[in-house]
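Structure first, commentary second.
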Amino acid sequence: MPNMEPQAIDIKVFQTILLTWFKEHGRWFPWRESGLSSYQLLIAEILLQRTKAATVDKIFTHFFNVYPNWKVIASAKLEEIENTLKPIGLHKQRAERLQKLAQKMNLNDSVLLSSRAELDAIPFIGQYIGNAVELLIQGKNKPLLDVNMARVLERYFGHRKLKDLRYDKYLQALAHDIVDHPDSISLNWAILDFAALVCQSRVPKCSTCVLQQTCTYYLTVVEIKNFRNE
DNA sequence: AAGGCGGGGAC
DNA sequence: GTCCCAGCCTT
């Protein structure tokens, strides 16, 4: 039964193995540095939407040199923001949203970012970024549940029922249980890095995967193929 | 539930 | 050329 809620021991194994993997193979990005402002953290999440982390990395430093705070974005020319964002795509949409957000946040971002109710009322902040703010700014144990984390969890523990991951109770509960850990941030990053480097969408590297012995996908799909020598 | 946004890298 | 990427809004 792939949709059964996993036992606590299963989650513990998953957490422990991935954190160990992360210490050796985890990626480094500037937005993971300590001491970033809530401005930088929030902008980073918007830049990362539907965009590879390595791609965002290329313009990240430059972007904050040009736009160091909400005020500068709020008063900038929209076309210039678009040009700055062009190399990472979705630039027209993102530039407009960033500027509107900046005009709102410029007043009092510390208040707006302090509670989930406030966050949910802000345009362009959905479930993912809401969780990211709670995790990275408020210090809560919340999952960065995107298509990549979903893919890892579903391959390992079993597939969700609903197409839209935001409404799938099983996947939501599972993700929350997984990152309910003293080092929730590292665990989140570990899963995202693992998704990008090992448990990839098209050709996952199962043969060298540290989770293969306990992975549903490996045990029910990959190993059977190997047995048949396909 | 489905469509649109988008350049860039991997294959 | 095709697929995918730290989503979200509109219809």
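Just so you know, these numbers use all the heavy atoms, side chains as well, and skip hydrogens, waters and symmetry mates. Here the structure is a predicted model, which means the values were calculated and not measured. First the proteins, then the strands, lettered A, B, ... as listed; each starts at 1.
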Using a heavy-atom cut-off of under 4.0 Å over every strand shown, decide if [X] touches base, sugar-phosphate, or nothing.
| X | result |
| --- | --- |
| A:Leu145 | nothing |
| A:Ser201 | sugar-phosphate |
| A:Arg166 | nothing |
| A:Tyr128 | base |
| A:Leu144 | nothing |
| A:Gln127 | sugar-phosphate |

Rounding to the closest angstrom, what is the interatomic distance between [N] and [M] at atom [atom1]?
| N | M | atom1 | value |
| --- | --- | --- | --- |
| C:dT10 | B:dG6 | P | 15 Å |
| C:dA6 | B:dC11 | P | 14 Å |
| B:dG3 | C:dC3 | P | 15 Å |

- Message: Heavy-atom nearest nucleotide on DNA chain C for A:Ala44 versus A:Ile122: which residue maps closer to 5'?
- Response: A:Ala44
Distance test, side-chain N/O of [X] to OP1/OP2 of [N], below 4.0 Å:
| X | N | value |
| --- | --- | --- |
| A:Arg97 | C:dT10 | no |
| A:Asn188 | C:dA6 | no |
| A:Lys163 | B:dA2 | yes |
| A:Lys58 | B:dG9 | yes |

Rounded to whole angstrom units, what separation is found between the [atom1] atom of [X] and the [atom2] atom of [N]?
| X | N | atom1 | atom2 | result |
| --- | --- | --- | --- | --- |
| A:Leu101 | C:dG7 | CG | P | 17 Å |
| A:Leu48 | C:dG7 | CG | P | 8 Å |
| A:Arg27 | C:dA6 | CZ | P | 6 Å |
| A:Arg94 | C:dA6 | CZ | C1' | 11 Å |
| A:Glu45 | C:dC5 | CD | P | 16 Å |
| A:Leu165 | C:dA6 | CG | P | 14 Å |
| A:Gln49 | B:dG7 | CD | C1' | 15 Å |
| A:Leu153 | C:dA6 | CG | C1' | 14 Å |

- Query: Less than 4.5 Å apart, any side-chain heavy atom of A:Phe29 and any of A:Val56?
  - Reply: no
- Closer to the 5' end of DNA chain B via nearest nucleotide, is it A:Gly89 or A:Arg202? A:Gly89
- Of A:Val203 and A:Asp164, the one whose closest nucleotide on DNA chain B sits nearer the 5' end is A:Asp164
- Note on the structure: Correct closest heavy-atom pair for A:Gln172 and A:His176 would be O-ND1, 2.9 Å
- Between the base of C:dG7 and the side chain of A:Gln93, is there a donor-acceptor distance below 3.5 Å? yes
- Nearest listed nucleotide, side chain of A:Leu90, among C:dA6, B:dG9, B:dG6: B:dG6
- Query: Are any side-chain N or O atoms of A:Arg116 and backbone N or O atoms of A:Leu119, one a donor and one an acceptor, separated by less than 3.5 Å?
  - Reply: no
- Report yes if the distance between the aromatic ring centroids of A:Tyr170 and A:Phe157 is under 6.0 Å, otherwise no. no
- Query: Quick one: do A:Asp193 and A:Arg32 make a salt bridge, cutoff under 4.0 Å?
  - Reply: yes
- Message: Strictly below 4.0 Å, N to O, side chains only: are A:Glu96 and A:Lys100 in salt-bridge contact?
- Response: yes
